[in-house]
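Lettering follows sequence order; numbering is per chain, from 1.
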Amino acid sequence: MRTRLCFLIPSVHKIFYVQRASLTMKRKASNISPRKQPSTIPKSSIGSYLSILQKEEPSSLDTERQAKENVDQNTNDMRLESQQGSETSSSTSEHSSSLVENAKVVCEEKLDECTFSSVSWQPPSRTPFRFLAEAFEVMEMTTSRLALIKILTQVFRKIVNTTPDDLLPCVYLCTNMLGPAHEGLELKAGEATVLNALSSATGNSVKVLKERLIKLGDIGDLAAECRTTQQTMFKPPSLTIQGVYQEFRTMANLAGKMSTKEREKHLQKLLVSATSQEAKYIARIVLGKLRIHIAYKTVIASLATVFAPCSKTVGKTADEMDSIVKEATATLNAVYSQLPMWDRIIPVLIQNKSTQGLEDHCRLTPGVPVGPMLAKPAKEASDVLERFQECSFVCEYKYDGMRAQIHYLPDGNVKIFSRNAEDDTPKYPDIVENIKFALSKNKAVRSFIIDSEVVAYDPETNVMKSFQELQGRARKEVKLEDIKVSVCVFAFDILFFNGESLLKWSLKERREKLIETFSPVQGKFQFTTSKVFTDWEGVDEMMDEAIQAGCEGLMIKALTGEYSSYEPSNRSQNWLKMKKDYMNSIGDSLDLVPIGAYYGRGKRSGVFGAFLLACYNSETEEFQTVCKLGTGFSDEFLSSITKFYKDGHILAEPKPYYGVSDSPTIIPDVWFDPCQVWETRCADLTLSPSHTAAKGMLSEEDKGIALRFPRFIRIREDKSVDDATTAEQIVELYSNQKSKM
DNA sequence: TCTGACTGCCC
DNA sequence: ATTCTGC
DNA sequence: GCAGAATGGGCAGTCAGA
């Protein structure tokens, strides 16, 4: 707030105020310890936090070591607990009804041992949301995966044993989901909505809240803080997990006139009924950033711990238990990536009280998206050769388009899913047609799932078009006759065929199945260009050809052997991706001048989180923006560079020779003195509606040029600001790139 | 009726 | 998308 | 090496308000 105020005051005072502001900033930053103290522990339950708090707030190395031992000790205790528990249930494991009863006995023992919360409830009451919020609070304070899994396991176990119907909504809230991704339910509420709701719930103006948000760096912390200062006239009904989840679904289903206000009202209602701690996590769930160091992988590991099949564990050692849990985790991982629907999986888990038999109920099914296999970046030949020594590998063109998983259902329907399991079928009626055409010669096909990349394609010239053109296609309920940008499907894998999963087949076998099942149609449905290699000989040439053809680079995969199966949802080493800009020697690298910065959020609160970068236009003698930059720097660099700029290199106003769009998403929080040059790498240059580099020097007069995938490399100490990359050079790079397409 | 803010989703 | 970091 | 959490450009679609 103070820095903002100083803009209105003559320059001598500006310095004074800026310095004061930076001092408070510094003091604040030094207070932030790696393990953040929770701001909102309810006094009533302080005691139950203590054990974990001590572990996470060590005051010396000694206590740190001690803390580690404590955590380990606790983890072992957990194993013993479940062992004992299962001993009890093992004797009657044949009868599921007695199983349930026994589970309850076990549960009651465990209730007392809940290490993070004293909240308790009994049906018909539903699980209090406060119980989950308290777990989140503790999870936020640690980064130890074992401790995180331990806490989540306790949460799930307690819910399963008390109010099992709440497990599903609990898992949804833990993963920021409203339902299966392919069902397409969207909350349609983000930061602005939360701020508005918070404003009407607390009486603070949005402007004040925004200023406070800059300081706090987290909207949940803001919500918690607001609640603390608000007086409550009466005690509102307390929230339940089920209630919060249902409220979100209600919000998601609102549409049309007044729906924005309506959504805000629902959110306001939630925030008013929430304790400050609950408000914190409600706000974060809405934003989709829980920031408690867990995502669905940890949820899976915890569920697997709860439902690990330990019915016959009498006399088993901790190590043996460990491997049972590991196996259960692997099972649940595999099941979820082949049927990413908690509403199908969780009822089975609860019914069976075990991960056993899960695969029989939750199978790969056409019509439900599979987690797509992902690739790891490879920077140089040796990365590839190390991985694939002694065995042959395939290189495929890496097309610059969008991933599409195409399903053919036994009823003849076609479904198309995006990389993130969204249903893209309404977007691609042309692909639905092309598929049927490519299949026409093969009447034995009843069902399949294939993996492919969709690329914008000019059917006149048979030339692939840019990602940007593909991005311009309409998305909702597209009609065949309205399509303006045609596309070609480049298929590269098949995961399912006529009722059979092919995931375990080798890539060699899958490719053969793919090729025998489809007939390519030029410009509509083709196979990716690919070639088999046994060593590096010829790979560089293929890479050049791929770039020449408008591709990003190459995908590299094992053809046969243990690394050649399809691993859904895994970014494993089985697939590598290689792009020119990964390689140190090649690729575009620009020397740019930071002219402003944005306050960081989350773990970057207190330092700058991103910067506004400019090139130099010698014609207009302006610095023109080419990108914001938010990745590539170490934590240490960020804090030192924040200090550097705040210590005398901040401007109260932009220089008159800064050419910057007036879009609020571009205008930085602070302006910089142009005094450094940063080496910045990118994948591509794109036409930009919001950046100003080379504006007016292109065929599209009102557009500038921007970097695609920009990242920080290093400070160029050896360069002065006038040696920065020029707009002319950027135009040159841009037209070089265009001529390749 | 048009525009800008917001959201979600591609990369 | 890319990158860094704690475990 | 995994999993999580920072951050990028840019588009369509929706809705509120000019």
Contact under 4.0 Å: [X] side-chain N or O vs [N] OP1/OP2:
{"X": "A:His691", "N": "D:dG9", "value": "yes"}
{"X": "A:Thr686", "N": "D:dG9", "value": "no"}
{"X": "A:Lys579", "N": "B:dC11", "value": "no"}
{"X": "A:Ser688", "N": "D:dG10", "value": "yes"}
{"X": "A:Arg711", "N": "C:dT3", "value": "yes"}
{"X": "A:Ser690", "N": "D:dG10", "value": "yes"}
{"X": "A:Arg291", "N": "D:dA6", "value": "yes"}
{"X": "A:Thr260", "N": "B:dC6", "value": "no"}
{"X": "A:Tyr582", "N": "C:dT2", "value": "yes"}

Could you please name the option among [options] that lies closest to any side-chain atom of [X]?
{"X": "A:Lys628", "options": "D:dG8, D:dT7, C:dT2", "answer": "D:dG8"}
{"X": "A:Lys476", "options": "D:dT14, D:dG4, D:dC11", "answer": "D:dT14"}
{"X": "A:Lys376", "options": "D:dG1, B:dC11, D:dC11", "answer": "D:dG1"}
{"X": "A:Ala610", "options": "B:dC10, B:dA5, D:dG8", "answer": "D:dG8"}
{"X": "A:Ile294", "options": "D:dT7, D:dG4, B:dC9", "answer": "D:dG4"}

What is the distance, rounded to the nearest whole Å, between atom [atom1] of [X] and atom [atom2] of [N]?
{"X": "A:Leu685", "N": "D:dG9", "atom1": "CG", "atom2": "P", "value": "13 Å"}
{"X": "A:Leu148", "N": "C:dT5", "atom1": "CG", "atom2": "P", "value": "19 Å"}
{"X": "A:Phe608", "N": "D:dT7", "atom1": "CZ", "atom2": "P", "value": "13 Å"}
{"X": "A:Leu470", "N": "B:dC9", "atom1": "CG", "atom2": "P", "value": "17 Å"}
{"X": "A:Lys261", "N": "B:dT7", "atom1": "NZ", "atom2": "C1'", "value": "18 Å"}
{"X": "A:Leu576", "N": "C:dT2", "atom1": "CG", "atom2": "P", "value": "13 Å"}
{"X": "A:Arg145", "N": "D:dA5", "atom1": "CZ", "atom2": "P", "value": "10 Å"}
{"X": "A:Lys289", "N": "D:dA6", "atom1": "NZ", "atom2": "P", "value": "6 Å"}

[X] near the nucleic acid: base, sugar-phosphate alone, or nothing, with a heavy-atom cut-off under 4.0 Å?
{"X": "A:Asp400", "answer": "nothing"}
{"X": "A:Pro377", "answer": "nothing"}
{"X": "A:Leu687", "answer": "sugar-phosphate"}
{"X": "A:Ser259", "answer": "sugar-phosphate"}
{"X": "A:Asp684", "answer": "nothing"}
{"X": "A:Asn196", "answer": "nothing"}
{"X": "A:Lys427", "answer": "nothing"}
{"X": "A:Thr298", "answer": "sugar-phosphate"}
{"X": "A:Phe633", "answer": "sugar-phosphate"}
{"X": "A:Ala255", "answer": "sugar-phosphate"}
{"X": "A:Arg601", "answer": "sugar-phosphate"}

Restricting to nitrogen or oxygen on both sides, can you table the protein-nucleotides 1-3 of chain B pairs closer than 3.5 Å?
none

I'd like to know if [X] pairs up with [Y] as an ion pair, taking the criterion as any Lys NZ or Arg NE/NH1/NH2 lying under 4.0 Å from an Asp or Glu carboxylate oxygen.
{"X": "A:Asp218", "Y": "A:Arg284", "result": "yes"}
{"X": "A:Arg714", "Y": "A:Asp591", "result": "no"}
{"X": "A:Lys280", "Y": "A:Glu137", "result": "yes"}
{"X": "A:Asp424", "Y": "A:Arg473", "result": "no"}
{"X": "A:Glu422", "Y": "A:Lys427", "result": "no"}
{"X": "A:Asp581", "Y": "A:Arg711", "result": "yes"}

Quiz item: Does NZ or CZ of A:Arg708 fall inside the cone over A:Phe467's six-membered ring, less than 6.0 Å from its centre and within 45° of the axis?
Solution: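 A:Arg708 over A:Phe467 ring: yes.
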
Looking at the base of [N], is there any donor atom on it, or on the side chain of [X], that sits under 3.5 Å from an acceptor on the other one?
{"X": "A:Thr631", "N": "C:dT2", "result": "yes"}
{"X": "A:Arg475", "N": "D:dC11", "result": "yes"}
{"X": "A:Gln468", "N": "D:dG10", "result": "no"}

Quiz item: Which of parallel (below 30°), tilted (30 to 60°) and perpendicular (above 60°) describes A:Tyr645 and A:Trp678?
Solution: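 Geometry flag for A:Trp678 against A:Tyr645: perpendicular rings.
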
Quiz item: When the ring planes of A:Tyr399 and A:Tyr397 are compared, do they come out parallel, tilted or perpendicular, using 30° and 60° as the limits?
Solution: tilted

Self-check item: Greater than 12 external heavy atoms within 6.0 Å of A:Lys580's NZ
Solution: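 Correct, the count exceeds 12.
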
Self-check item: Enclosure of A:Glu183 CD (heavy-atom neighbours >12, cutoff 6.0 Å)
Solution: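 Buried by this count: over 12 neighbours within 6.0 Å.
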
Exercise. Can you sort out which residues in residues 181-192 of chain A have a heavy atom within less than 4.0 Å of DNA chain C? Ascending by number, please.
Key: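 Nothing qualifies; none.
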
Quiz item: Starting at the 5' end of DNA chain B, which residue's closest nucleotide do you reach first, A:Ala404 or A:Pro664?
Solution: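 Upstream on the strand: A:Pro664.
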
Quiz item: Does A:Val194 or A:Glu453 map to a spot on DNA chain B nearer the 5' end, using the closest nucleotide for each?
Solution: A:Val194

Quiz item: Distance-only, no hydrogens or angles: does the A:Ser452 side chain make a donor-acceptor pair with backbone N or O of A:Ala404 under 3.5 Å?
Solution: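 Here the side-chain-to-backbone pair exists.
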
Quiz item: Relative to the 5' end of DNA chain C, which residue comes earlier, A:Ser634 or A:Leu374, by the nucleotide with the nearest heavy atom?
Solution: A:Leu374

Self-check item: Test ring pair (Phe, Tyr, Trp, His ring centres under 6.0 Å) applied to A:Phe611 and A:Tyr599, A:Phe633, A:Tyr598, the passing residue
Solution: A:Phe633

